[in-house]
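To start, the structure itself, in structure tokens.
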Protein chains: 4
Amino acid sequence: MDRETRRAQILEAATAVFAEKGYHGARVDDIVARAQIAKGTFYLYFPDKRAIFGVLVDGFVERIHGVLEPVVLGDPSRPPVLQAQENVRRVVSLCLDDAPTAKILLSDAVGLDGAFDRRLLAFYDDLTALVEDGLRLGVDAGFVRPGDTRVRAFCLLGMVKELMYQLVLRRLEVPREDLVATVMSLVLDGLFTEEAQHLVSQRAR
Amino acid sequence: MDRETRRAQILEAATAVFAEKGYHGARVDDIVARAQIAKGTFYLYFPDKRAIFGVLVDGFVERIHGVLEPVVLGDPSRPPVLQAQENVRRVVSLCLDDAPTAKILLSDAVGLDGAFDRRLLAFYDDLTALVEDGLRLGVDAGFVRPGDTRVRAFCLLGMVKELMYQLVLRRLEVPREDLVATVMSLVLDGLFTEEAQHLVSQRAR
Amino acid sequence: MDRETRRAQILEAATAVFAEKGYHGARVDDIVARAQIAKGTFYLYFPDKRAIFGVLVDGFVERIHGVLEPVVLGDPSRPPVLQAQENVRRVVSLCLDDAPTAKILLSDAVGLDGAFDRRLLAFYDDLTALVEDGLRLGVDAGFVRPGDTRVRAFCLLGMVKELMYQLVLRRLEVPREDLVATVMSLVLDGLFTEEAQHLVSQRAR
Amino acid sequence: MDRETRRAQILEAATAVFAEKGYHGARVDDIVARAQIAKGTFYLYFPDKRAIFGVLVDGFVERIHGVLEPVVLGDPSRPPVLQAQENVRRVVSLCLDDAPTAKILLSDAVGLDGAFDRRLLAFYDDLTALVEDGLRLGVDAGFVRPGDTRVRAFCLLGMVKELMYQLVLRRLEVPREDLVATVMSLVLDGLFTEEAQHLVSQRAR
DNA sequence: CATGAATGAGCCTTCATTCAT
DNA sequence: CATGAATGAAGGCTCATTCAT
């Protein structure tokens with residue numbers, strides 16, 4: 001068995017164990033038992049328990065980065081909204097296709113400690129920056145309302161994160177297209193009917 | 001010093017320590033040192049470390065429940081949107097006024113283990129149910145667009161959670177009114193300008 | 001049992017175990033078993049295995065320093081040679097009265113690692129400096145032959161060290177007075193009879 | 001590469017590693033890395049880590065034995081003192097010419113464990129016996145003062161050991177001839193000037 | 001012979017919890 | 001009620017040794 005295969009085998013076992021028991025609940029013994037290797041072998045491939053967890057998280061983070069494409073203007077065959085929607089669709093697919101790892105990112109990696117918090121925040125920084133770029137593009141092009149791009153980016157990020165968190169932890173099954181459509185509709189049009197918007201805009205502000 | 005005061009003193013110390021170091025990073029020794037009590041005294045007030053953490057989380061959860069009011073129709077002085085906005089405002093205030101405990105709920109309590117995950121999910125179930133009730137009310141009354149209330153409730157929840165998470169962990173300062181206004185605007189009207197909505201609605205769907 | 005007593009009890013057990021098995025052969029489990037305490041108790045008194053070993057060695061080193069008195073001139077009731085002899089006698093007594101700890105210093109602490117080697121060398125530096133001071137005093141006063149004080153100090157140190165090493169490791173019994181007398185005689189007069197010294201001095205140099 | 005060459009190559013690497021890190025600090029991995037061989041190869045040449053260390057120590061011990069010649073009387077061209085001095089000179093040269101191995105014998109091999117301690121003591125037994133033989137010869141021939149030959153042999157051994165230990169561990173440079181001369185002078189004549197000897201001999205004993 | 005991936009016994013250390021005072 | 005010394009189960013990591021290729 002070559003090195004990469006063995007490494008992948010350990011990573012796979014670790015994913016299952018971390019997803020099932022959380023970071024602290026997972027013992028190295030659990031991982032090696034699941035991977036059917038000796039304890040020492042584990043340490044031939046990863047310097048310590050923390051490291052393999054980091055590899056798992058980083059790997060997933062990279063896969064997310066890999067499916068995200070910055071929205072560009074001017075391509076008539078791919079309007080910006082569609083591009084955004086495709087990004088959402090791909091991220092959702094990524095998470096639902098690998099629910100254990102998604103759970104690790106969205107639940108187990110949260111609040112591990114200060115150092116890991118910073119790693120997560122840096123990742124979400126990247127995502128937020130991407131979203132903010134898109135928003136600014138839209139604002140400049142006139143089809144996105146002006147407003148605080150940072151806060152709105154956090155909101156958009158939070159919507160997707162929460163959806164994935166709930167689905168993955170509850171093992172809910174929702175058709176992906178419905179999910180994406182609902183999210184996009186909420187983001188694009190808001191919650192309210194057009195008539196209500198007019199009424200509300202007169203009263204609430 | 002009476003029992004309740006002592007108990008509160010320990011809870012306060014625990015809040016600070018958990019917020020600073022996370023659940024596993026916090027040692028009972030840290031808490032008693034901060035509370036200036038003996039180790040044994042801790043166990044006179046709480047059966048174990050897990051329990052005090054639960055009390056902290058539950059307390060915050062109750063405070064959140066305490067500021068949430070179901071939206072009702074038919075009160076002309078308090079239109080539903082305003083009621084919702086007030087709910088958001090109060091939750092945001094609660095979190096930002098007690099950032100350490102908010103961090104505990106939003107970060108440290110996440111992914112602790114299966115049992116605690118269920119506790120969190122149950123709490124979010126309640127919140128989601130509340131939001132869903134509101135949505136359904138709005139749909140029935142004709143001012144909220146029809147659509148998957150569950151998914152949209154998750155989205156709304158996620159927006160607020162992420163905002164609080166980011167602000168609390170990054171120690172960011174954003175005026176609360178701006179925050180709430182931005183969120184409400186996004187929720188009510190969506191991201192897009194009215195013209196764009198018409199264009200998009202023709203093409204993306 | 002008060003803290004100092006408990007600490008002493010652990011130190012005593014550690015002395016016996018280290019002396020019997022050497023640093024690496026001694027497990028913390030052995031020490032706590034011998035001290036009849038739980039493993040955790042050990043760590044209430046010493047940060048780690050290395051530390052208690054260091055305390056043992058440092059303690060013995062201090063006791064040695066404690067019995068050494070710099071040789072002074074001009075006291076007719078205590079000629080320099082007698083002062084030196086008393087130093088030797090006291091060091092020998094110290095070692096033979098606490099053979100286990102002497103073995104730890106002379107055997108177990110040797111070659112532990114670079115850091116500990118430096119600690120030992122620093123100690124022997126002090127001893128050598130003391131001896132050198134005495135030698136220089138004697139040279140200046142005209143009763144010690146001129147010569148390399150450093151090298152001669154090492155030699156004198158080595159004589160005592162080796163004697164203690166051999167006696168302690170072999171559990172030999174030699175009357176202390178005989179020991180000291182033989183050493184002093186060797187140091188003072190050399191190995192050779194007076195006639196031989198004259199012959200040798202003509203030929204060997 | 002023939003077996004002996006390969007074996008020598010491993011021994012050389014082991015010498016460097018043991019001298020640098022001590023017995024326990026040296027990992028078999030370090031040795032094979034330095035020897036540029038595979039881990040398994042190591043075990044084709046030596047049954048275990050302890051064994052190669054033993055080979056190193058034994059080899060050095062044999063080299064020491066090899067340069068030591070029992071002192072004989074009756075050869076007018078080689079007076080006994082000169083023979084002894086030559087022995088010292090050769091041992092000193094051996095150590096200083098191969099400082100790493102000397103450090104292994106004098107520092108790393110000390111206090112390893114009971115079994116190895118006995119091996120060392122056996123070696124020093126041999127040396128002591130040799131010295132004692134010489135002393136007895138001298139006593140019988142009338143040029144060495146009577147006295148405890150065992151203790152005096154330990155002293156002479158200790159002098160040379162300590163000198164080598166200090167020089168090797170501190171990486172000091174002292175001209176070998178000076179070293180040997182100082183040692184011989186100390187042994188032959190003692191520390192004191194002739195006048196002082198007379199005074200002392202009246203008072204100190 | 002050589003390789004180096006795999007093994008697993010061993011050991012130090014942590015820390016939540018208990019209980020005698 | 002309060003104390004804090006004592007407990008000991010638990011788990012991460014190392015590294016000498018083996019063996020299939």
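Since the model is a prediction, treat every value here as computed from it, not as a measurement. Order of the sequence lines fixes the chain letters, A, B, ..., with proteins taken first and strands second; residue numbering starts at 1 for each chain.
- With a 6.0 Å cutoff to the six-membered ring centre and a 45° limit on the axis angle, B/Lys161 counts as a cation-pi contact of B/Tyr124.
- C/Asp58 contributes no side-chain N or O that, together with a main-chain N or O of C/Val55, makes up a donor-acceptor pair within less than 3.5 Å.
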Seminar exercise, completed: 5' to 3', nucleotides 15-21 of chain F under a 4.0 Å protein heavy-atom cut-off (B base, S sugar-phosphate only, - none) gives BSBBB--

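- Summarising the geometry, the separation between CD on A/Gln36 and C1' on E/dA6 is reported as 14 Å, rounded to the nearest angstrom.
- For the pair A/Leu44 CG and E/dG4 P, the computed distance is 13 Å after rounding to whole Å.
- Not one N or O on the side chain of C/Thr41 forms a donor-acceptor pair closer than 3.5 Å with the backbone of C/Ile37.
- The CD1 atom of D/Ile37 sits 13 Å away from the P atom of E/dC1 (whole-angstrom rounding).
- Taking 4.0 Å as the cut-off between side-chain N and carboxylate O, D/Lys21 and C/Asp113 do not count as a salt-bridged pair.
- Across every non-hydrogen atom of C/Gly111 and C/Asp117, the tightest pair is N-OD1, 3.2 Å.
- Of the candidates D/Glu12, D/Arg6, D/Arg7, D/Gln9 forms a side chain to side chain contact (heavy atoms under 4.5 Å, CB included) with just one, namely D/Arg6.
- A heavy atom closer than 4.0 Å to some atom of DNA chain F occurs in B/Arg6, these being the qualifying members of residues 6-21 of chain B.
- For the pair D/Asp125 and C/Arg170, the salt-bridge criterion is met [side-chain N within less than 4.0 Å of a carboxylate O].
- Of all heavy-atom pairs between A/Ala26 and A/Phe18, the closest is CB-CD2, 3.6 Å.
- Residue-level contact check: D/Tyr45 touches the backbone only, with heavy atoms under 4.0 Å from sugar-phosphate atoms and none from bases.
- A ring-centre distance under 6.0 Å is not found for C/Tyr23 and D/His24.
- In this structure, CG of C/Asp2 is placed 11 Å from P of F/dA5, rounded to the nearest angstrom.
- When all heavy atoms of C/Leu120 and C/Leu105 are compared, the closest pair comes out as CD2-CD1, 3.8 Å.
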Exercise. Using Watson-Crick and G-U wobble pairs whose two distances are both under 3.5 Å, how do you write the pairing of DNA chain F as dot-bracket, with | for links to another strand?
Worked result: .||||||||||||||||||||

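- A/Phe53 has its CZ atom 19 Å from the C1' atom of F/dC13, to the nearest Å.
- Checking each of C/Asp108, C/Asp98, C/Thr15 against C/Lys103 for a side chain to side chain donor-acceptor pair (under 3.5 Å) leaves exactly one that passes, namely C/Asp108.
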